[in-house]
Amino acid sequence: MAVVVSDAPAAKRYEARVDGEAEVAGVAAYIRTSELIAFVHTEVEPAYEGKGVGSALARTALDQARAANLRVLATCPFFAGWIAGHPEYQDLLYQSRSKVND
């Protein structure tokens with residue numbers, strides 16, 4: 001099963017499609033500024049749960065955030081958990097000024 005993820009900036013979300021289908025299998029909604037991207041909600045259609053769609057969404061979105069030099073705020077529980085399990089992406093996480101100065 002091939003999962004293709006694309007950014008849909010007009011909809012403010014990443015969209016995952018499976019095996020070239022037109023149907024969206026999953027989405028990761030975000031709010032983006034020039035310095036930060038906040039992932040606020042991730043949803044995978046029930047037929048695609050457990051098939052790597054969520055991981056593909058997270059990996060693609062985070063790789064693009066890195067390429068754009070954006071900090072990441074993971075308010076979505078799925079993204080927060082996924083990043084916690086993938087230490088290679090933890091350097092992207094936004095830290096408030098108070099934490100930086102502590």
Can you tell me how far the CD atom of Glu49 sits from the CD atom of Glu43, to the nearest 0.5 Å?
-> 9.0 Å
Flag side-chain contact, heavy atom, 4.5 Å: Leu93 against Gln95 = no
Check step by step if side-chain hydrogen bond (donor to acceptor under 3.5 Å, both in side chains) holds for Gln64 and Tyr14.
-> CA-CA 11 Å; Gln64 289 186 7; Tyr14 282 88; 3.0 Å; yes
Which heavy atom in Met1 sits nearest to a heavy atom in Lys51, and how many Å separate them?
-> CE-O, 3.0 Å
When you look at Val27 and Leu57, which way does the side-chain contact (heavy atoms from CB on, under 4.5 Å) test go after all the steps?
-> CA-CA 7 Å; Val27 298; Leu57 280 164; 5.6 Å; no
What's the verdict on side-chain contact (heavy atoms from CB on, under 4.5 Å) for Thr42 and Phe79, showing C-alpha distance, side-chain angles and the deciding distance?
-> CA-CA 8 Å; Thr42 304; Phe79 262 76; 3.2 Å; yes
Heavy atoms of other groups near Asp19 CG, more than 12 under 6.0 Å = yes
With the side chain counted from C-beta on, respond yes when Val18 and Tyr48 share a heavy-atom pair under 4.5 Å apart, and no when they do not.
-> yes
Please round to the nearest 0.5 Å and tell me the distance separating atom CG of Leu70 and atom OG1 of Thr33.
-> 7.0 Å
CZ of Arg66 to OH of Tyr89, rounded to nearest 0.5 Å, is 6.5 Å
Rounded distance [0.5 Å steps], OH in Tyr30 versus CG in Leu36 | 13.0 Å
Rounded to the nearest 0.5 angstrom, the CD-CZ distance for Glu23 and Arg17 is 9.5 Å
Is there a side-chain contact (heavy atoms from CB on, under 4.5 Å) between Val40 and Cys76 once you walk through the steps?
-> CA-CA 5 Å; Val40 296; Cys76 165; 5.7 Å; no
side-chain contact (heavy atoms from CB on, under 4.5 Å) evaluation trace for Ile31 with Ile37 = CA-CA 6 Å; Ile31 299 168; Ile37 185 164; over 6 Å; no
Does atom CD of Glu88 have more than 12 heavy-atom neighbours from other groups under 6.0 Å away?
-> yes
Does the side chain of Arg71 reach to within under 4.5 Å of the side chain of Glu35, using non-hydrogen atoms?
-> no
Measure across Val3 and Ala16 and return the closest heavy-atom pair with its distance rounded to 0.1 Å.
-> CG1-CB, 4.0 Å
First locate atom OG of Ser55, then atom CZ of Phe78, and finally report the distance between them rounded to the nearest 0.5 Å.
-> 5.0 Å
Salt bridge check: are Arg32 and Asp7 linked by an N-O gap of less than 4.0 Å?
-> yes
Heavy atoms, side chains only, cut-off 4.5 Å: are Val72 and Tyr94 in contact?
-> no
Test item: Lys12 side-chain N/O and Ala8 main-chain N/O as donor-acceptor pair under 3.5 Å | no
Test: Glu15 and Arg13 ion pair at under 4.0 Å = yes
